[in-house]
Number of protein chains: 2
Amino acid sequence: MDAIFKVLANPVRIRILTWLKDPDTNFPPMIHLPEEEKGKGYVCVGVIQEKAGVTQSTVSHYLNLMKQAELLSCKRIGQWTYYRRNEETLQKTSEYIASYL
Amino acid sequence: MDAIFKVLANPVRIRILTWLKDPDTNFPPMIHLPEEEKGKGYVCVGVIQEKAGVTQSTVSHYLNLMKQAELLSCKRIGQWTYYRRNEETLQKTSEYIASYL
DNA sequence: TGACAATATCGAAATACTGCGATAAGTAGA
DNA sequence: TCTACTTATCGCAGTATTTCGATATTGTCA
């Protein structure tokens, strides 16, 4: 839970997390994503980087932190890595605050 | 909200927050607290410091951060400063995660 | 295989946080 | 007023985080 709060203690990462709630309106379509993976909320690193306005290495680092904290999961397809939200962790975090904090 | 997550990104502060959920079982009685303020969850700095196992200056700093983030409120009575949880902020934080994140 | 594109990792400098000891400020009582 | 007690603030050293540029890795395609 400590790693989760550390992730959330950064406004850029918070924004990424909220953007990924609605990829269709926040990112261009993932044209290389195979049909069977579409509609699952996957977004590739490049477009997240562009929107976040940080360097590629920074966004890659951030996404990795978020993955370690299980706030995101990822899938590599071809030369792209697609990240999406892990709703279960988000929900558990909310519940943790509501019932344990 | 950023300040809140920064506060939560520290295990000692998390512990303090949870201890303050139930002062009666986690802290000795506040014998100097006037009758009309009892039962409101107030705990003085000294006993929090002792239980947290950090120095007085550190706990004072932490409590101040938590107050800035509105996770705690405080009242000075005599030579003691009493802190208690601000349940409203906790609840709003949980709701923020559940509905905006 | 070679060139290119996307992402990950490395190394480093700037900044922020942690947590301490020392000291200051406020309060109460003799 | 002097002293003791409680808490706040200051200054600092150690550590962690932020964020970058450079480089490595991985995958694609000609």
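Residue numbers begin at 1 in each chain, while the letters A, B, ... track the order of the sequences. Bear in mind that the values here come from a model prediction, so they are computed numbers and not experimental data.
- Among the protein residues, A:Y82 comes within range of no part of the nucleic acid, since none of its heavy atoms lies under 4.0 Å from any strand.
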If you apply the rule side-chain contact (heavy atoms from CB on, under 4.5 Å), what do you find for B:Y62 with B:V12, and how did you get there? CA-CA 9 Å; B:Y62 281 6; B:V12 174; 3.9 Å; yes
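- Contacts with DNA chain D (heavy atom under 4.0 Å) in residues 2-11 of chain A: A:K6, A:N10, listed by number.
- Out of D:dT6, D:dG27, C:dT9, the shortest distance to the side chain of B:W80 is found at D:dT6.
- Looking at heavy-atom distances under 4.0 Å, B:S57 makes contact with a base.
- When rounded to the nearest whole Å, the span between CG of B:L33 and C1' of D:dT6 equals 15 Å.
- Counting heavy atoms from C-beta outward, B:K75 and B:Y42 have side chains that approach closer than 4.5 Å.
- For the pair A:Q56 CD and D:dG21 P, the interatomic distance rounds to 11 Å; values are reported in whole Å.
- Relative ring orientation between B:Y96 and B:F5 is described as tilted, the plane-to-plane angle lying within the 30° to 60° band.
- Within the 4.5 Å cutoff, the side chain of A:L8 has no heavy atoms near those of the B:D2 side chain.
- Contact annotation: B:T55 side-chain N/O to C:dC20 OP1/OP2 distance is under 4.0 Å.
- Of the side-chain N and O atoms in B:Y83, none sit less than 4.0 angstrom from OP1 or OP2 of D:dT6.
- Side chain of B:Y62, nearest nucleotide from C:dT7, C:dG19, D:dC20: C:dG19.
- Candidate nucleotides C:dT7, C:dG26, C:dG19 were compared by shortest atom distance to the side chain of B:H61, and C:dG19 ranks first.
- With a 6.0 Å radius and a threshold of 12 heavy atoms from other residues, nucleotides or ligands, B:E50 has its CD atom at or below the threshold.
- For B:E88, the CD atom is loosely surrounded, since the number of other residues' heavy atoms within 6.0 Å does not exceed 12.
- Within residues 12-32 of chain B, no residue approaches DNA chain D, by heavy-atom distance under 4.0 Å.
- More than 12 heavy atoms of other residues, nucleotides or ligands lie within 6.0 Å of NZ in A:K51, so this atom counts as buried by the packing criterion.
- Across every non-hydrogen atom of B:T81 and B:R76, the tightest pair is OG1-NE, 3.6 Å.
- The nearest whole Å value for the distance from the CG atom in B:N64 to the C1' atom in C:dC17 is 15 Å.
- Here the rule is side-chain contact (heavy atoms from CB on, under 4.5 Å) with A:M66, and of A:I4, A:L17, A:T89, A:N10 only A:L17 fits it.
- Along DNA chain D, the nucleotide closest to B:R76 and the one closest to A:Q79 are compared, and the more 5′ of them pairs with B:R76.
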